[in-house]
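Please read the structure below before turning to the comments.
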Number of protein chains: 2
Amino acid sequence: MPTKAAPTAPSAARVVKKRRPEQRQLILDEAARLFKERGFGSSSMRDLGARVGLDAASMYNHIRSKDELLEIICFRVSDAYLAQLAEVEQLPASPLAQITELLRHHVRLMTQDGPAVSVANNEWKALTEPRLTEFKAARKRYEKGFAALIEQGIAAGELQPVNVSVALFTLLSAVRWVELWYRPGRDISAAELENDLLLMLLDGLKKPTA
Amino acid sequence: MPTKAAPTAPSAARVVKKRRPEQRQLILDEAARLFKERGFGSSSMRDLGARVGLDAASMYNHIRSKDELLEIICFRVSDAYLAQLAEVEQLPASPLAQITELLRHHVRLMTQDGPAVSVANNEWKALTEPRLTEFKAARKRYEKGFAALIEQGIAAGELQPVNVSVALFTLLSAVRWVELWYRPGRDISAAELENDLLLMLLDGLKKPTA
DNA sequence: GTCTATAGGCGGATAGAC
DNA sequence: GTCTATCCGCCTATAGAC
């Protein structure tokens, strides 16, 4: 209910075009939400079109194929993860501090781009072949980098000497519920969630000083 | 529990038929693996038939529909989880001990029935409507029961006073990678995995005695 | 209980008018 | 750049021969 109604009076020659180059982005965002909700294989382009407000056929003026949508979403996420890893690796900090920072980035990506992260995590199997292998390789690189940090932390005596694979996957898995659960309107803020989660996880991984 | 249960000797006509009532079970097992690998929506009955060694049409002599396969898999898993919860709730033990035991059952179900657990966790969204609501309710019951144990643990001073939802979902999520990662031929046994995982998680949740 | 054949529908994607 | 119309393939499921 606009108390001071639309100031957007079309003042003649002002910018009214609203060229919406963001149509493509709208399609991608809606695709991520749809694929998350229904799964890639159970989502149809007709469904997607209905959400975007476009006929299915019309979307092909903005995108090449349904597969392309999945590719873009998955690689946008994997690129973001790898960028975060590279950033953290260059911090002049202890392994534990680096892991902490990486997990914070990790959680933050989920709260900020939840649907895309969810699709990248759960629907990547539907990628077609040249891209499927690429995606698996990217994920492997991230896992290797993360595992290296854990190994360094153990070597430095900051972390408990647990099995590195167990620690790695437990950490990565433990934060994944955020992507499914978090919504801006929750009774807990994104920052609080991040802190509580890290506290719980790292107090388990930290070696007791006793 | 009957200590002298019925021996159930087939006294009458000596059951020899061996009509392979296990054909149906074979289909269900293979369906779980297929749905896990490709997702429900991306799996076809033709694919499944090829794996089972039957024509797609022939399977309809053993099952009613593709949807039915998903239903059976999902509810077999949710029933198992709820049974484990009920069992643990009746143990004369502390909340922490109950949680530990429940998590052990949880992990064990994954290592023993991995594909079905994976499908129940990831593909349940494809259930059709009367069953979809039922499944969500079952999951909610499990979560409530689990959360109650955590609350009791906090109240008893056994657990750190973390946000209960965060603790609940972190625990449930943290063990989920097992269903995706574990294979009988790994370099770590199921028992070792279980122990390492619980050690890491519970040392994080346990209140330091300091 | 297995097959072949096929119904009937929905899928992704394209052609062409406007 | 959006629509309508449509191609054609694959989908689930059924019918009916054997």
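In what follows, chains carry the letters A, B, and so on, assigned in the order in which the sequence lines appear, proteins first and then strands, with residues in each chain numbered from 1. Predicted model, so just to flag it, every value in this text is computed and none were measured.
In this structure, Lys125(B) forms no cation-pi arrangement with Phe135(B), as its terminal cationic atom is not both closer than 6.0 Å to the ring centre and no more than 45° off the ring axis.
Atom pair Asp55(B):CG and dC10(D):C1' shows a separation of 15 Å (rounding to whole Å applied). Taking atom CG of Leu34(A) as the reference point, atom P of dG11(C) lies 11 Å away to the nearest angstrom. Remark: C1' of dT4(C) and OH of Tyr60(B) are 16 Å apart, rounded to the nearest angstrom. Per the geometry, CE belonging to Met45(A) stands 20 Å off P belonging to dG9(D), to the nearest Å. As a whole-Å value, the separation of Leu48(A) CG from dG12(C) C1' is 12 Å. The CZ atom of Arg64(A) sits 12 Å away from the P atom of dA13(C) (whole-angstrom rounding). Regarding Arg24(B), its CZ atom lies at a distance of 12 Å from the P atom of dG1(C), rounded to whole Å. What separates CG of Asp67(B) from C1' of dA13(D) is a distance of 12 Å, to the nearest Å.
Among dG11(C), dT14(C), dC3(C), the nucleotide with an atom closest to any side-chain atom of Ala57(A) is dT14(C).
A residue-by-residue look at Ser58(B) and Phe40(A) shows that Ser58(B) has its nearest nucleotide of DNA chain C further toward the 5' end.
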Check: Would His105(A) and Tyr81(A) satisfy ring-ring contact (aromatic ring centres under 6.0 Å, His included), going step by step from the backbone distance to the final call?
Finding: CA-CA 8 Å; His105(A) 282 307; Tyr81(A) 275 129; over 10 Å; no
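Contact annotation: Arg46(B) side-chain N/O to dC10(D) OP1/OP2 distance is not under 4.0 Å.
The residues Arg131(B) and Asp67(B) are annotated as not salt-bridged, no charged nitrogen and carboxylate oxygen being separated by less than 4.0 angstrom.
With 3.5 Å as the limit, one finds no donor-acceptor pair spanning the side chains of Ser58(A) and Asp55(A).
Across all strands shown, Ser42(A) has no heavy atoms under 4.0 Å from either base or sugar-phosphate atoms.
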